[in-house]
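All heavy atoms count here, side chains included; hydrogens, waters and symmetry mates do not. Remember, it's a predicted structure, so these values are computed and weren't measured experimentally. Here is the naming used below: chain letters follow the sequence lines, and residue numbers restart at 1 for every chain.
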Amino acid sequence: MTPLKIYDTYTREIRPFEPVNAPFVGIYVCGPTVYGHPHLGHARGPVVFDVLHRFLVHKGYKVRFVRNVTDVGHLVNDADEGEDKIAKKAKVEQLEPMEIAQFYTDSYHNMLLSMNVKPASIEPRASGHIIEQIEMIKTIIDKGFAYESNGSVYFDVLSYSKSHDYGKLSGRVIEDLIAGAGNEARELEGQDEKKNANDFALWKKAGPEHIMQWPSPWSNGFPGWHIECSAMSRKYLGDTFDIHGGGMDLLFPHHESEIAQSMACTGHQPARYWMHHNMITVNGQKMAKSLNNGISIDEFFSGNHHLLEKAYSPMTLKFFILQAHYRGTLDFSNTALQASEKGLNRLLTAEDTLQSIKTGNSSDIHIGELAQKLENALNEDLNTPILIAELFDVVTKINQLASGQLNISESDLSELRKLYSTYVFDILGLKKESEASSEKIQGVMQLLIDLRQEAKQDKNYALSDTIRKKLSEIGIELKDGKEGTSFTIN
RNA sequence: GGUCGGAUGGCCGAGUGGCUAGGCACGGGUCUGCAAAACCCUCUACAGCGGUUCGAAUCCGCUUCCGACCUCCA
């Protein structure tokens, strides 16, 4: 098998993937902050890293895939004085904070489930790892890279940058950060407690209004923005693991800070490869809560949003995401979505066609060559659009086989079926969405189809067309083919 | 203001210094009582201006436009 190559944001180059300890692979992906329903943008990361996950498994690696849930720790810095994001919402809705977290975690899981994303091996919650975070903070203080101030603990960026390269991942220069150009009038809470404006919180002392707080050596409070990922990735994957993933918007300060924390604590780079997927945009702009241009997943699947011409299925969204390379921005539009919908249908129809091909003695299909092409596509930094293009070429071949323009042997056909479903279902993780029709429905439909057939034979087209039309109105499409009539339920 | 990235045919989106993905739409066709679906064929683009080169959409420079990050963010 030819090796996978991936683009590493840290070194800004494409490198062959070499696990620390093959065949084991450790992946950590930053999950959501569960304070709202997931929107379209939230779907991209899970889909991209799911393909990575599945492809590595396909290549024979034993993967431990960790995706966290952030249920504490992210500060709000608008309006009030840095309340915990989740605690703030809880007050508004008069609910327990953990109730909120659970509610939106479930919502997130529903999205993953509907999009056929494999569950993570471990899904740690920040609130369940307060002790690990405190321990890590202690070590960082001991090593002289953090200091306590008025019950809070801050990471000492200046001190750290004397011996380490703070800013390398995100391409930032420490001097520029200190100069803080363009960052005027940004009043973060406790700014005066810091030695330097760029120092970030490892632990924050909580006021009495904070519902989520824990005891620590420094104060009753809560962990800072970035420490959870460092603590949890270390706990489950070790000081240095293979791949750390997330959205590009997390590059700075989140991932930059993670590196600093881990280096300060363990002396090791936390991850060998940093993978960042790009954003989904609407009219060229990032979909973000603050821009108010978000389409929630529920709205997307129900079509209930002014930007949507219709409802789109989870697989349509997945295919739409997969048709673009993960490092490029992906612009939302109805026409693009509808193109994906049809393309996906073509891909899945071919899988059916594949089941009814007649075999011969000769074979025009070179399975080995084909398999290599498909694998090579993903080997090149997970190039799913190329893979999909190759698969469409296979679709054309499948159709030619079905129409007798090409021949295939029994064994090659069996191989082709396996290969096709491996890539479409196992690696891309697509699935057929047509409702699993019960036997009773099947029976009723067959009855209608037979009755309509009789009408057609009697040249009673008015009746046969009425049957077709009425069924269409309730979302059942009849398709008259050579082999008889079939139906689909929308 | 700083840093980084991008401009590809009607739309979405790959990609390589020469052999010019793929999907969708459009157009034509097969099939059909008619449709729909499905299938086949067709459509040749790389922001502008310079430069390097035998040859550039692909490398370099400039210009214009767009975006991301610098603040919670997938």
Hey, what's the ring geometry for A:Phe200 with A:His226, parallel, tilted or perpendicular (30° and 60° as the breaks)?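 Answer is perpendicular, since the angle exceeds 60°.
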
Measure from [atom1] on [X] to [atom2] on [N] and round the result to the nearest Å.
X: A:Glu477; N: B:A36; atom1: CD; atom2: P; value: 11 Å
X: A:Phe252; N: B:G5; atom1: CZ; atom2: P; value: 18 Å
X: A:Leu382; N: B:A14; atom1: CG; atom2: P; value: 13 Å
X: A:Lys479; N: B:A38; atom1: NZ; atom2: P; value: 6 Å
X: A:His254; N: B:A74; atom1: NE2; atom2: P; value: 10 Å

Ignoring the backbone of [X], work out which of [options] is nearest its side chain.
X: A:Lys342; options: B:C24, B:A74, B:G15; answer: B:C24
X: A:Asp465; options: B:G33, B:C40, B:G13; answer: B:G33
X: A:Thr335; options: B:C11, B:C70, B:A74; answer: B:C11
X: A:Met287; options: B:A74, B:G33, B:G15; answer: B:A74
X: A:Phe392; options: B:G22, B:A14, B:C70; answer: B:G22
X: A:Gln323; options: B:G67, B:G22, B:G15; answer: B:G22
X: A:Arg452; options: B:A37, B:G33, B:U71; answer: B:G33

Do side-chain atoms of A:Thr466 reach the backbone of A:Ala462 as a donor and acceptor pair under 3.5 angstrom?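 Answer holds: yes.
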
Any donor-acceptor pair under 3.5 Å from A:His305 side chain to A:Leu307 backbone: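 Such a contact is found between A:His305 side chain and A:Leu307 backbone.
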
What is the base-pairing partner of [N], counting Watson-Crick and G-U wobble geometry with both distances under 3.5 Å?
N: B:A7; answer: B:U64
N: B:U30; answer: B:A38
N: B:U20; answer: none
N: B:C69; answer: B:G2

Using a 4.0 Å heavy-atom cut-off across all strands, classify [X] as base, sugar-phosphate, or nothing.
X: A:Ile280; answer: base
X: A:Gly247; answer: sugar-phosphate
X: A:Thr396; answer: sugar-phosphate
X: A:Lys459; answer: nothing
X: A:Arg346; answer: sugar-phosphate
X: A:Ala389; answer: base
X: A:Gly41; answer: base

Given RNA chain B, 5'-ward residue of the pair A:Phe320 and A:Cys30, judged by closest heavy atom: A:Phe320

Answer yes or no: side-chain N or O of [X] and base N or O of [N] forming a donor-acceptor pair under 3.5 Å.
X: A:Asp480; N: B:A37; result: no
X: A:Asp331; N: B:C11; result: no
X: A:Arg468; N: B:A36; result: no

[X] vs [N]: side-chain N/O to OP1/OP2 distance below 4.0 Å:
X: A:Asn278; N: B:A68; answer: no
X: A:Asn383; N: B:G15; answer: yes
X: A:Lys286; N: B:G67; answer: no
X: A:Asn345; N: B:A38; answer: yes

Within 45° of the ring axis of A:Tyr326 and under 6.0 Å from its six-membered ring centre, is that where the NZ or CZ of A:Arg44 lies?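 Judged by the rule (NZ or CZ under 6.0 Å from the ring centre, within 45° of its axis), A:Arg44 is not positioned above A:Tyr326.
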
Is it possible for you to check whether A:Arg172 lies under 6.0 Å from the centre of the six-membered ring of A:Phe252, through NZ or CZ, and within 45° of that ring's axis? yes

Determine the interatomic distance between C1' on B:C12 and the same-named atom on B:C19; round to the nearest Å. 26 Å

Please report the C-alpha distance between A:Tyr312 and A:Gln338 in whole Å, then the side-chain angles of each, then the deciding distance to 0.1 Å, and finally whether the side-chain hydrogen bond (donor to acceptor under 3.5 Å, both in side chains) criterion is met. CA-CA 8 Å; A:Tyr312 299 97; A:Gln338 279 156 36; 3.0 Å; yes

Could you report the tightest heavy-atom contact between A:Glu256 and A:Ser170, atom names first, then the distance?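 Shortest heavy-atom separation between A:Glu256 and A:Ser170 comes out as OE1-OG, 2.6 Å.
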
